[in-house]
**Student:** 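Okay, here's the structure, questions in a sec.
Read the numbers this way: they start at 1 and go in the same order the structure lists the ligands and their atoms.
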Amino acid sequence: MVRVESVRGREILDSRGRPTVLARVRFACGAVGDASVPSGASTGAAEAHELRDGDPSRYRGLGCRKAVASIDGPIARQLVGRDWAGQSDVDRALIDGDGTVEKSCWGANAILAVSIAFARAAASSSGVPLHAHLASLVPAPRSVLPRLTINLFSGGKHAGQQVAIQDVLIVPLAGSIDECLAMAFDVYQAAADLTRRRYAARPLRADEGGLAPPFPSTDAMLGDAADAVRSAGLTLGRDLCLAVDVAASHFREGGLYHVDDDRLDSAAMIDRIARWTRDFGLVSVEDGLSESDWEHWPELCRTIAPAATVIGDDLLCTNRARVERAAQSRAANGLLLKVNQIGTLTEAADARRAAHDAGWQITVSARSGETEDDWLADLAVAWGDQIKVGSITQSERLAKYNRLLEIERETRRPLHAWPARVPS
Ligand code: PGA
Ligand code: ZN
């Protein structure tokens, strides 16, 4: 049992300069945990409710004073001065206290900040690293470190929609996080050179730090990624692989996917993804179809799995019921886990358990709006097969990579074997 002595919130700014929430939980034993929450741009319709002030005269309505007031008011009243058995106990009190399905009363941002700050304080009071504490909250925690999936090129909502798909990622196949990051640096520099040469453009960065030149087409975006790998002196399929987050919910209108100049129905979109998977050796495809196109996801899965993992992000929203539905209909075989889509660690653990029971891959993911907090690295070490943080630029991303380097040095764990290295 731990006794909570105080719970306080405050407004801070995220990597896009927008307000977000930080919570501090203090136990009577003196242990303290801080946590700040991220925020997405390409959000799923089924995500938990991020409470914003809506006052247009301040931060264009994006202020988080109401969420902070939830923490300092009703959440503190619920938690302070009581003894708590653990994370699920506290999360249950937060869920019940809010009382709405989408957490719109207190705000999922307020609730999640407290949920994670409580976990941090609990780890500190038991004298274990956060990843070890988070591992104790789930069945089948991971004993190998998560494989890095690193944003190289950005499009879609993260880069002004110059091309439909949101991310082209590289997946270095080296045997340590240290080596994977060094490889990613070489590819990123080669991609920046290519951006200058091919597009006469400055290598400007999108929300997650990826490069975003004015690609003439989606195929060009993927082809440029393959070229950057080659000019870094590396071989696709041997040294590293490519992956994509299509984020297709955000370019489907009137039942058709708008890709470059084409208007594709679901079958044609699946054909297009199958061709990309073949031509560029993609090892995972996230949100290849829209969140409302449930009926075609099984066909996508039959077409590209097991060559590529079929990951659901907007489709699943880290929601156990949606993961179970997708597992039953064989609509996906990978979960993108973003805790702020659901709002507490316990509910995210439930979604993970459903994905794990179905034999899926689990990718623990950052959001496009992040902070310098690094809890995501610990979460990915405990719960994930992969981690998706964005690019290897910008401090809000590097905080997570640097924490992974620290955990690698301390634990000397090997890296997850996915995707299996192609024999040369
Ligand atoms: P978001 O994007 O944080 O803007 O939702 C990340 C993703 O789609 O994976
Ligand atoms: Zn996504």
Side-chain angles (χ1 to χ4, degrees), residues 14-18 20 36-50 52 62 108-109 112 146 148-161 163-171 205-210 212 242-252 257 273 282 284-293 297 300 308-319 322-323 326 331-332 334-343 348 351 355 360-371 373 376 379-380 384 386-391 394 396-397 400:
D14 75 10
S15 54
R16 296 175 301 198
R18 298 181 185 180
T20 187
S36 59
V37 295
S39 170
S42 69
T43 47
E47 289 195 21
H49 182 78
E50 192 178 70
R52 301 270 182 191
L62 295 172
N109 40 356
L112 182 65
L148 307 183
T149 62
I150 302 171
N151 177 298
L152 182 68
F153 287 138
S154 292
K157 279 197 158 183
H158 292 176
Q161 256 127 355
V163 64
I165 71 176
Q166 185 171 286
D167 300 328
V168 175
L169 305 118
I170 52 173
V171 186
R205 294 171 193 159
D207 286 354
E208 296 190 355
L242 298 181
V244 291
D245 179 3
V246 180
S249 307
H250 307 289
F251 57 84
R252 186 174 189 241
Y257 294 93
I273 293 170
L282 303 180
S284 82
V285 174
E286 180 185 331
D287 278 354
L289 296 174
S290 129
E291 64 195 332
S292 54
D293 200 1
W297 274 78
L300 174 66
T309 307
V310 177
I311 298 179
D313 172 12
D314 294 354
L315 180 80
L316 304 172
C317 281
T318 316
N319 179 309
R322 295 174 80 91
V323 173
L335 168 67
L336 199 81
L337 188 143
K338 291 165 162 172
V339 281
N340 77 329
Q341 285 179 322
I342 190 74
W360 290 10
Q361 295 274 321
I362 291 148
T363 303
V364 173
S365 173
R367 303 302 306 247
S368 46
E370 271 293 333
T371 74
D373 200 334
L376 190 90
L379 187 72
Q386 285 98 44
I387 181 168
K388 180 181 150 194
V389 172
S391 196
Q394 306 180 174
E396 81 280 5
R397 317 278 149 197
K400 283 73 163 172

**Student:** Taking only heavy atoms of Gly40, which atoms of ligand 1 are found under 4.0 Å from at least one of them?
**Tutor:** 1 (P), 3 (O), 4 (O), 5 (O)
**Student:** Please state which part of Asp287 comes within less than 4.0 Å of ligand 1, counting heavy atoms only: side chain, backbone, both or neither.
**Tutor:** neither
**Student:** Would you mind running through ligand 1 and noting each atom that sits below 4.0 Å from a heavy atom of Glu208?
**Tutor:** 2 (O), 6 (C)
**Student:** Distance-only, no hydrogens or angles: does the Asp373 side chain make a donor-acceptor pair with backbone N or O of Ser36 under 3.5 Å?
**Tutor:**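 Side chain of Asp373 to backbone of Ser36, a donor-acceptor pair under 3.5 Å: yes, one is there.
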**Student:** Without swapping roles, check the side chain of Ser154 against the backbone of Ala212 for a donor-acceptor pair under 3.5 Å.
**Tutor:** no
**Student:** Considering the heavy atoms of Asp245, write down every atom of ligand 1 situated less than 4.0 Å from one of them.
**Tutor:** 7 (C), 8 (O), 9 (O)
**Student:** Identify the closest protein heavy atom to atom 9 (O) of ligand 1: which residue and atom is it, and at what distance?
**Tutor:**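 Nearest neighbour among protein heavy atoms for atom 9 (O) of ligand 1, to 0.1 Å: Lys388 NZ, 2.6 Å.
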**Student:** Looking just at side-chain N and O atoms, do Arg367 and Thr20 make a donor-acceptor pair shorter than 3.5 Å?
**Tutor:**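 Side chains of Arg367 and Thr20: no pair found under 3.5 Å.
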**Student:** Looking only at protein heavy atoms, which one is nearest to atom 5 (O) of ligand 1, and what is the separation?
**Tutor:**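 Answer for atom 5 (O) of ligand 1: Arg367 NH2, 2.7 Å.
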**Student:** Apply side chain to side chain contact (heavy atoms under 4.5 Å, CB included) to the pair Ile170 and Leu242, showing each step before the final yes or no.
**Tutor:** CA-CA 5 Å; Ile170 52 173; Leu242 298 181; 3.8 Å; yes
**Student:** Give the contacting part of Gln166 toward ligand 1: side chain, backbone, both or neither, where contact means a heavy-atom distance below 4.0 Å.
**Tutor:** side chain
**Student:** Going by the atom numbers of ligand 1, which of them fall below 4.0 Å from some non-hydrogen atom of Leu336?
**Tutor:**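 In order of numbering, the contacting atoms are 9 (O).
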**Student:** Below 4.0 Å from any atom of ligand 1, is there a heavy atom belonging to Ala247?
**Tutor:**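 Flag not set, Ala247 not near ligand 1.
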**Student:** Can Asp314 and Ser249 be counted as having a side-chain donor-acceptor contact under 3.5 angstrom?
**Tutor:** yes
**Student:** Quick one: look at Asp314 and ligand 1, take heavy-atom pairs under 4.0 Å, and tell me if it's side chain, backbone, both or neither.
**Tutor:** neither
**Student:** Can you see which heavy atom on Arg322 is nearest to which on Glu291, and at what distance?
**Tutor:** NH2-O, 4.2 Å
**Student:** Considering the options Asp207, Asp167, Asn151, which one meets the side chain to side chain contact (heavy atoms under 4.5 Å, CB included) requirement together with Ser368?
**Tutor:**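 The side chain to side chain contact (heavy atoms under 4.5 Å, CB included) with Ser368 is passed solely by Asp207 among Asp207, Asp167, Asn151.
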**Student:** Donor-acceptor pair, Thr318 side chain versus Ala348 backbone, under 3.5 Å?
**Tutor:**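 Answer holds: no.
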**Student:** For residues Asp313 and Gln341, report the shortest heavy-atom separation together with the two atoms involved.
**Tutor:** OD1-NE2, 2.8 Å
**Student:** Output the list of atoms in ligand 1 that are nearer than 4.0 Å to some heavy atom of Asp313, sorted by atom number.
**Tutor:**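 With Asp313 as reference, the close atoms of ligand 1 come out as 7 (C), 8 (O), 9 (O).
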**Student:** Can you figure out which of Ser368, Gly390, Pro38 has its heavy atom closest to atom 1 (P) of ligand 1?
**Tutor:** Ser368
**Student:** Quick check against the 3.5 Å criterion: does Ser365 have a side-chain atom that pairs as donor or acceptor with the backbone of Leu337?
**Tutor:**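 A pair under 3.5 Å: no.
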**Student:** Taking only heavy atoms of Glu286 into account, list the atoms of ligand 1 that are under 4.0 Å away from them.
**Tutor:**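 Once the distances to Glu286 are compared, the set is 9 (O).
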**Student:** Using a plain distance cutoff, I'd like to know if Ala41 has any nitrogen or oxygen under 3.5 Å from a nitrogen or oxygen of ligand 1.
**Tutor:** yes
**Student:** Vertex the Zn ion (ligand 2): angle to OE2 of Glu286 and OD2 of Asp245, to 10°?
**Tutor:**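 It is 90°, given to the nearest 10°.
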**Student:** From Asp313, does some N, O or S atom reach closer than 2.8 Å to the Zn ion (ligand 2)?
**Tutor:** yes
**Student:** Give me the nearest non-hydrogen protein atom to atom 6 (C) of ligand 1 as residue plus atom name, then the distance to 0.1 Å.
**Tutor:**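 Minimum-distance protein heavy atom for atom 6 (C) of ligand 1 reads Lys338 NZ, 3.4 Å.
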**Student:** Any luck finding a side-chain donor-acceptor pair between Gln394 and Ser15 under 3.5 Å?
**Tutor:** no
